[in-house]
Number of protein chains: 2
Amino acid sequence: MFTKRQQQIVETAIGLIAHKGIQNLTIKNLALQIGISEPALYRHFKNKLEIMKSILKYFQLTMQPSMLELKKEGKAIDKINDFIFKHYEILNQKQNLAKIIFAEANFQNDETLKDSLLLMMNNSQRLMQGIIQQAQENDEINTAVTAKNLTRMIIGSMRFMIIQWSMSGMIFDIEAEGKLLCEDLKKIMR
Amino acid sequence: MFTKRQQQIVETAIGLIAHKGIQNLTIKNLALQIGISEPALYRHFKNKLEIMKSILKYFQLTMQPSMLELKKEGKAIDKINDFIFKHYEILNQKQNLAKIIFAEANFQNDETLKDSLLLMMNNSQRLMQGIIQQAQENDEINTAVTAKNLTRMIIGSMRFMIIQWSMSGMIFDIEAEGKLLCEDLKKIMR
DNA sequence: TTTTAAAGTTAGCAAACACTAACCAAAAAA
DNA sequence: TTTTTTGGTTAGTGTTTGCTAACTTTAAAA
């Protein structure tokens with residue numbers, strides 16, 4: 001998928017955006033940070049847009065393990081529980097990624113970027129909603145709240161917690177706090 | 001607070017960011033859109049950073065009516081209900097603002113911007129959490145879920161819905177959908 | 001009526017931007 | 001061993017960026 005150098009470039013790019021926003025991602029800064037010249041970057045990526053696209057691809061690859069939790073066999077509640085845990089575990093390991101994964105604004109300048117981000121967002125939302133819907137039919141999850149809104153509460157609260165975490169300078173333990181959130185989410189699902 | 005021209009500049013700037021991200025907000029684009037020359041802009045704002053700061057001020061002023069709903073006297077559930085309704089009503093009227101109000105990434109390039117955005121975010125969160133906490137003590141709201149996490153679910157689901165709305169091209173009726181979300185949020189609070 | 005201040009103009013500047021041309025060294029393939 | 005490919009380099013391109021100098025018009029104040 002990515003060569004070692006390409007992965008380094010993508011990860012450095014994510015770091016630059018995480019630190020000072022998309023306007024901080026310039027070819028010059030990227031080359032400087034890595035310690036090679038600007039033209040050398042173009043041996044690994046056609047242009048800046050391709051780097052941006054690769055960041056999204058990197059998102060997808062990195063978050064795949066947590067998505068897979070939702071695709072396993074088993075009880076809906078357990079799948080959602082494992083999804084949340086995996087999610088926070090990964091983002092705790094890749095904190096720069098946590099800072100920009102929900103910053104859709106960074107990918108608004110190009111239509112193809114915007115579209116593929118929307119696709120990723122819709123995929124996870126649809127998957128979660130499908131699981132909840134089915135579990136509601138099986139009487140595993142409370143039907144008082146619609147599947148759509150329950151999905152919004154779960155994903156929304158997860159996202160919001162991650163944003164609070166990254167904006168506050170990662171001062172709290174996201175995995176511990178995520179565990180507590182997960183417990184409370186289970187309560188409203190029953 | 002703002003002169004007419006300043007307000008026009010701020011609103012146009014919000015429109016530019018909403019349309020193609022922060023990288024689309026340039027002095028040239030701004031002047032072009034308004035129909036004046038670039039140097040004319042500098043008669044109204046010292047520099048670009050002051051325009052960015054004014055966008056945040058404009059946020060605050062615009063969302064004040066919905067914040068005030070939380071400061072009224074009355075039942076917690078009613079206050080939260082009115083807060084949600086007002087929120088969606090305002091953002092439905094100012095759709096460009098809806099597109100960027102939760103796009104924290106746009107204000108990451110400057111420390112002072114980042115700080116004042118964090119302050120605004122924390123304020124609304126603290127206010128909401130305080131109301132819920134008190135209502136839990138009065139047995140008005142269910143204590144099964146902690147006030148902190150209930151706040152995350154409410155604000156998180158609201159934010160997520162607005163992001164879905166703006167990214168999907170505003171294809172659904174946010175006020176109607178917000179009403180349904182509000183009903184479901186009330187259910188989990190009881 | 002004269003003076004002053006506010007708000008506009010054209011022309012242009014230095015720095016930053018994404019990217020290219022041309023060349024070179026080292027490693028891999030033939 | 002020769003050839004080709006890969007991944008670097010220095011130097012430089014044209015364009016865009018935020019912003020300024022200097023001048024002009026319009027309207028309010030004296």
Which residues in residues 6-37 of chain A have at least one heavy atom lying under 4.0 Å from any atom of DNA chain D? A:Ile36, A:Ser37

Can you tell me how far apart OG1 (B:Thr143) and CE (B:Met189) are? Round to the nearest 0.5 Å. 14.5 Å

Rounded distance [0.5 Å steps], CG in A:Leu16 versus CG in A:Leu32: 9.5 Å

Which residues, if any, of residues 39-57 of chain A bring a heavy atom under 4.0 Å of DNA chain C? A:Pro39, A:Tyr42, A:Arg43, A:Asn47, A:Lys48

Any pair with a residue in residues 110-152 of chain B that passes ring pair (Phe, Tyr, Trp, His ring centres under 6.0 Å), sequence neighbours left out, goes on the list, sorted by first then second residue, please. none

Aromatic B:Phe160 / basic A:Arg152 pairing, under 6.0 angstrom, 45° off normal: no

Tell me every residue that passes side-chain contact (heavy atoms from CB on, under 4.5 Å) with A:Glu50, counting only those two or more places apart in sequence or in another chain. A:Phe45, A:Lys46, A:Asn47, A:Lys53

Reading DNA chain D from 5' to 3', where do the contacts with chain B start and stop? Cut-off is 4.0 Å to heavy atoms. D:dT17 to D:dC23

Taking C-beta and beyond as the side chain, do A:Met161 and A:Met158 meet within less than 4.5 Å on heavy atoms? no

For A:Glu104 and A:Arg159, work out which heavy atoms get closest and say how close. OE2-NH2, 2.9 Å

If you assign B:Thr3 and A:Glu38 each to the DNA chain C nucleotide with the nearest heavy atom, which residue ends up on the more 5' nucleotide? B:Thr3

Distance (rounded to the nearest 0.5 Å) between B:Leu49 CG and B:Thr112 OG1: 5.0 Å

Looking at B:Glu73 and B:Lys79, is there a salt bridge between them, counting it only when a charged N and a carboxylate O are closer than 4.0 Å? no

For B:Phe83, the ring-ring contact (aromatic ring centres under 6.0 Å, His included) test, sequence neighbours excluded, returns B:His87

